[in-house]
Amino acid sequence: MSSIFTKIIKGEIPSYKIAEDERFYAFLDINPNAKGHTLVIPKKEVDKLFDLDAETYVGLMQFAHKVAKALEKTIDCNRVGMTVVGLEVPHAHVHLIPINRVSDINFTSKKLAMQQEDFVKLAKEISRNFES
Ligand code: 5GP
């Protein structure tokens with residue numbers, strides 16, 4: 001069975017897309033730790049990040065780098081943090097989270113409540129700052 005992220009890539013489940021190319025896809029996390037919390041995934045479905053082949057892994061990091069630069073341009077923050085968890089969705093991904101304090105990257109902290117229109121607007125803004 002396809003992962004929920006593969007369904008997102010195929011457009012079977014909607015997402016607030018930031019950017020994509022032939023191999024990678026970036027979109028806003030639906031339950032953000034902080035404003036701009038973004039997931040960056042390979043289109044190839046592999047459960048664990050460190051089970052990716054080296055080329056896909058390096059490509060994912062290069063793509064995540066460009067997404068992080070777009071986040072920095074869009075969101076007023078101290079820096080963009082990056083985390084790997086993967087306990088919920090078995091499709092390799094990294095979390096990019098604009099942070100000001102350590103609690104912004106703590107997954108047990110209270111989540112940020114955002115309305116659909118806020119997600120749409122934010123995804124557009126970040127996307128505009130993404131340099132492919
Ligand atoms: P992890 O697998 O790294 O523990 O967490 C998966 C992340 O994916 C969580 O932060 C969760 O909010 C996010 N997530 C789960 N399902 C969806 C979804 O359908 N759409 C989006 N945009 N994010 C999701």
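Rounding to the nearest 0.5 Å gives a distance of 11.5 Å between NZ of K69 and CG of L96. Note that CG of L122 and CE of M114 are 5.0 Å apart. Values are rounded to the nearest 0.5 Å. Remark: S2 OG to E12 CD distance equals 6.5 Å, nearest 0.5 Å. Interatomic distance, L71 CG to T38 OG1, rounded to the nearest 0.5 Å: 4.5 Å. Within the model, atoms NE2 of H37 and CD1 of I30 stand 11.5 Å from one another, a figure rounded to the nearest 0.5 Å. Here T108 contributes atom OG1 and N33 contributes atom CG; the two are 9.0 Å apart, rounded to the nearest 0.5 Å.
V46 and I4 are assigned to two separate hydrophobic clusters, defined by single-linkage of ILVMFWY side chains at heavy-atom distances under 4.5 Å. Cluster annotation: I8 is not connected to L28 through the hydrophobic network of ILVMFWY side chains, with a link wherever side-chain heavy atoms come within less than 4.5 Å. No single ILVMFWY cluster, assembled from side-chain heavy atoms under 4.5 Å apart, contains both V40 and F5. Residues V120 and F27 do not share a hydrophobic cluster, defined by chaining ILVMFWY side chains whose heavy atoms lie under 4.5 Å apart. At a threshold of 4.5 Å between side-chain heavy atoms, the hydrophobic network of Ile, Leu, Val, Met, Phe, Trp and Tyr places V67 and I41 in two separate groups.
Around CD of E55, the count of heavy atoms belonging to other residues, nucleotides or ligands within 6.0 Å does not exceed 12. A 6.0 Å sphere centred on NZ of K124 holds no more than 12 heavy atoms belonging to other residues, nucleotides or ligands. Taking a 6.0 Å sphere around CD of Q116, one finds it holds 12 or fewer heavy atoms contributed by other residues, nucleotides or ligands.
Counting only heavy atoms from C-beta outward, the side chains of H95 and I105 never approach each other to under 4.5 Å.
Counting all heavy atoms, side chain and backbone alike, I97 lies closest to A34 at CG2-CB, 3.9 Å. Pairing each heavy atom of T56 with each of L52, the nearest pair is CG2-CD2, 4.1 Å.
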Going by atom type alone, with no hydrogens or angles, which donor-acceptor pairs under 3.5 Å involve a side-chain atom of residues 73-89 and a protein atom two or more places apart or on another chain?
unit_1	atom_1	unit_2	atom_2	d
K73	NZ	E131	OE2	2.4
T74	OG1	A70	O	2.6
T74	OG1	N129	ND2	2.9

Side-chain donor-acceptor distances from residues 14-21 under 3.5 Å, at least two apart:
unit_1	atom_1	unit_2	atom_2	d
S15	OG	Y25	OH	2.9
K17	NZ	E20	OE2	2.7
E20	OE1	K43	NZ	2.6
D21	OD1	R23	N	2.8
D21	OD1	F24	N	2.8

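Salt bridge absent: K121 and D118 never bring a charged side-chain N and a carboxylate O closer than 4.0 Å. A salt bridge is absent between R128 and E125; no separation between the charged side-chain nitrogens and carboxylate oxygens falls under 4.0 Å.
Aromatic ring centres of F63 and F130 lie closer together than 6.0 Å.
The closest donor-acceptor contact from the side chain of E45 to the backbone of S3 lies under 3.5 Å. Between the side chain of S103 and the backbone N or O of N106, no donor-acceptor pair lies under 3.5 Å.
Between Y57 and F50, the ring planes are tilted. Angles from 30° to 60° get that label.
Evaluation of the salt bridge (charged side-chain N to carboxylate O under 4.0 Å, His left out) rule for E22 yields no partner, not counting sequence neighbours.
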For the pair I9 and H91, evaluate side chain to side chain contact (heavy atoms under 4.5 Å, CB included) and give the outcome as yes or no after the intermediate values. CA-CA 12 Å; I9 292 162; H91 184 141; 4.1 Å; yes
